[in-house]
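Here is the naming used below: chain letters follow the sequence lines, and residue numbers restart at 1 for every chain.
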Amino acid sequence: MDKPNDQSRMDKIVSLAKRRGFIFQSSEIYGGLNGFWDYGPLGVALKRNLKECWWRDMVAGHDELATPAGAPAPYEMTGLDCTIIMHPQAWKCSGHFDLFHDWMIDCRESKRRYRFDHLHGRWAGYRGKRVFVVTDQSGDEALPHTVTRAQKFFGVRANKIEEIEWPTALQPLAAAVKAGTVALGETLGPDAGEPGTLTEPREFNLMFETRIGALAGNDDDRAFLRPETAQGIFVNFKNVVDTSRVRVPFGIAQIGKSFRNEITPRNFTFRSREFEQMEIEFFCRPADSAAWYRYWRDRRWKWYLDLGLTAGRLQLREHAADELSHYSVGTADIEYAFPFLAPGEFGELEGIAHRGDFDLRSHMEGKLVRRDGALVVETGADGKPRHKGSGKDLSYFDDVSRERYVPHVIEPSAGADRAVLAFLCDAYHEDEVPDEDGKPRSRTVLRLHPRLAPVKAAILPLVKKDGMPEMAIDLYRQLKPHMACQYDEKGSVGRRYARQDEAGTPWCVTIDGQTLADRTVTLRDRDSLVQERLPFDAVVGLLRDRLT
RNA sequence: GCGGGUGUAGCUCAAUGGUAGAGCAAUAGCCUUCCAAGCUAAAGACGAGGGUUCGAUUCCCUUCACCCGCUCCA
């Protein structure tokens, strides 16, 4: 694989994030905890601003009377905040329980890991020796693979292959082990040279498990921390429709924590085990769903650009047909070229998925699978549903078209922590600023969009005397009710500018000698370094205007 | 989870089997009239736990975290 884009740049960003109090490792004083991260004073402000932007732009500020550019029709938006722990059946019907719950088996020799239920094998014998040959191949390739493996293990020439005896048929390894017809010590792993290198199967659960009740102890009390916020919206679909007067098409938005036991948390906060999602489930008429899918894909793409992400580092990627989830008829990812990735590689910020009626139907009928192109309830060996649905009718009667249907769903699902990381990486710049002697001096600056910046403005007396601090404090108190701002009188003004640049503060207002004479101040722009002179009393109004 | 590498102050780096030193940053004070100036003061570290040793930051083991690769990954 190629070298990461710019690992040293990433290192500097991580270092800045820690040094200035954006992001700390969780439980650091105890040595840290893999895959968990805390937001410090500046970080929490940045993240809150980001979430607030999302909520304002998608939900609170949405005009349901107008048809937004690119939208097929006017629509409504509303919100929800549901619990992290839900009825366990929700995760069985959503598919997460089966999908996220695997038995894995490791090979001590090849260091490879296999899904236990993907392994098959059969007994092979040759001149008195016998071994249970295991393959990870499936379909037509499985049987020839076991022959090749056995041939190599026994050291049989190609023309003597017929001498290898195969007393049993190919069968799932799990079944053979359970039946006691083979012990793991007798198995030859798919990539091993010697038998007995496969470990006992171990349970791999990507969902965090917990127990309900203080005295909990048995399996019936088992519950899960949600691996996505979406299911809480689906199970509340009927509640919202019945109580809020919304009519299709409409969206329900939610921001909240989700949890996944990632096997390999990596790349700073990019893959965390506890993370925050910003999700919309948008419900529409099946016939209109493709148009709504395109609308949301383009709308969400534009949102990142409007908040300042560099277009050249952002990518909108439509999934190929074979890449789609079992339920999806269309998915696009919005991806960012993070510095820790190899050139040409992108990391997912948000997925916009056309989920059809999979989710609502699953919570009605039970867990669905795709069979011959149609979604049907998955059944167990006994012919009954593998996971039973709620049995509640989640269909919708459309008063306008006079038809009843299960709405289709478009799901723009964004990672709040990933977005924060992308905006942080994108904002990070090193440039040169002339020092007091006019010589260039390097500076670190976060070019965050003013809406995202943790601190919007710093109020600085040029020097700490002659009444300047008093005037600056006066202005600070006028501004504070309107936006996050800081007062700083310590050290030289250049140092204070530099400190604010590093935190991403877009504006610095400086009170100088002239302020005392004519009641004007200077307003310094973070990116251009341009200073403009304006009346003291115009500052609050001007900065408020620039923020919107 | 496996293999390899790395852990000394907020950051960047030293030294050492005998109680760890510097620069920058940060804090307090002085000074300072527009982009990290200067002076003074005080503060701050051997990732954690065991073991060997009279004595361990240094040697050994374990563990935790980070980086690279594998595996995995809506």
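- Put simply, CD on A:Glu28 is 13 Å from P on B:G47, counting in whole angstrom units.
- Look at CG on A:Leu341: it is 10 Å from P on B:C68, rounded to the nearest Å.
- For the pair A:Val445/A:Arg526, a side-chain contact is recorded, criterion being any heavy-atom separation below 4.5 Å from C-beta on.
- At whole-Å resolution of the value, CD in A:Glu532 and C1' in B:C34 are 15 Å apart.
- Taking only side-chain atoms of A:Arg533, from C-beta outward, the nucleotide of B:C34, B:A36, B:C11 with the closest atom is B:C34.
- On a pure distance criterion of 3.5 Å, no polar donor-acceptor pair joins the side chain of A:Arg441 and the base of B:C35.
- Nucleotide B:C68 holds its C1' atom 14 Å from the CD atom of A:Glu345, rounded to whole Å.
- Rounded to an integer number of Å, the gap from A:Tyr497 OH to B:C34 C1' is 5 Å.
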Would you give a per-nucleotide map of nucleotides 61-67 of chain B, 5' to 3', where B means the base has a protein non-hydrogen atom under 4.0 Å away, S means only the sugar-phosphate does, and - means neither?
---SSSS
Please enumerate all protein N or O atoms sitting under 3.5 Å from an N or O of nucleotides 6-8 of chain B, with distances to 0.1 Å.
none

Start with the C-alpha distance between A:Phe22 and A:Tyr39, add both sets of side-chain angles, then the distance that settles ring-ring contact (aromatic ring centres under 6.0 Å, His included), and finish with yes or no.
CA-CA 6 Å; A:Phe22 282 94; A:Tyr39 289 83; 9.4 Å; no
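- Atom C1' of B:C13 sits at a distance of 13 Å from the matching atom of B:A20, rounded to the whole Å.
- Across all strands, A:Asp466 comes closer than 4.0 Å to base atoms (heavy-atom distances).
- In terms of modelled atom types and a separation under 3.5 Å, the side chain of A:Arg300 and the main chain of A:Ile352 share no donor-acceptor contact.
- Taking 4.0 Å as the cut-off between side-chain N and carboxylate O, A:Arg495 and A:Asp488 do not count as a salt-bridged pair.
- Among the heavy atoms of the strands lying under 4.0 Å from A:Phe275 is at least one base atom, whether or not backbone atoms are also near.
- Between A:Phe338 and A:Tyr336, the gap from one ring centroid to the other is short of 6.0 Å.
- The side chain of A:Arg495 places an N or O atom within less than 4.0 Å of a non-bridging phosphate oxygen (OP1 or OP2) of B:A37.
- For A:Arg271 against B:C73, a side-chain-to-base donor-acceptor contact under 3.5 Å is present.
- Taking side-chain N and O atoms only, A:Ser492 has no distance below 4.0 Å to OP1 or OP2 of B:A36.
- With contacts defined as side-chain heavy-atom distances shorter than 4.5 Å, the pair A:Val235/A:Met86 qualifies.
- At whole-Å resolution of the value, CG in A:Asp527 and C1' in B:C35 are 15 Å apart.
- The aromatic ring centroids of A:Trp37 and A:Phe268 lie less than 6.0 Å from each other.
- Looking at heavy-atom distances under 4.0 Å, A:Leu529 makes contact with a base.
- Using atom C1' as the reference point in both B:A45 and B:G7, the two lie 12 Å apart (nearest Å).
- With both pairing distances under 3.5 Å, B:U6 is matched to B:A65 as a Watson-Crick or G-U wobble pair.
- Under 4.0 angstrom from either OP1 or OP2 of B:U32 there lies at least one side-chain N or O belonging to A:Lys465.
- Cation-pi contact between A:Arg418 and A:Phe270: present, with separation from the ring centre below 6.0 Å and deviation from the ring axis of at most 45°.
- For the C1' atom pair drawn from B:G23 and B:C60, the interatomic distance equals 35 Å after rounding to whole Å.
- Counting atom types as modelled, A:Thr522 pairs a side-chain N or O with a base atom of B:C34 as donor and acceptor under 3.5 Å.
- Partner A:Glu430 forms a salt bridge (Lys or Arg N to Asp or Glu O under 4.0 Å) with one of A:Arg441, A:Arg443, A:Arg9, A:Lys12 and no other, that one being A:Lys12.
- For A:Asp488 and B:C34, the CG to P distance is 17 Å, given to the nearest whole Å.
- Separating the P atom of B:A48 from that of B:A65 is a span of 15 Å, rounded to the nearest Å.
- Applying the 4.0 Å criterion to OP1 and OP2 of B:A26, one finds that A:Arg499 has a side-chain N or O inside that range.
- The gap from the P atom of B:U58 to that of B:C46 amounts to 12 Å, rounded to the nearest Å.
- Residue A:Glu378 forms a salt bridge (Lys or Arg N to Asp or Glu O under 4.0 Å) with just one option from A:Arg386, A:Arg371, A:Arg370, A:Lys92, and that option is A:Arg386.
- For the pair A:Lys490 and B:A28, the criterion of a side-chain N or O lying under 4.0 Å from OP1 or OP2 is met.
- Cation-pi geometry between A:Arg524 and A:Tyr497 is satisfied (NZ or CZ under 6.0 Å from the ring centre, within 45° of the ring normal).
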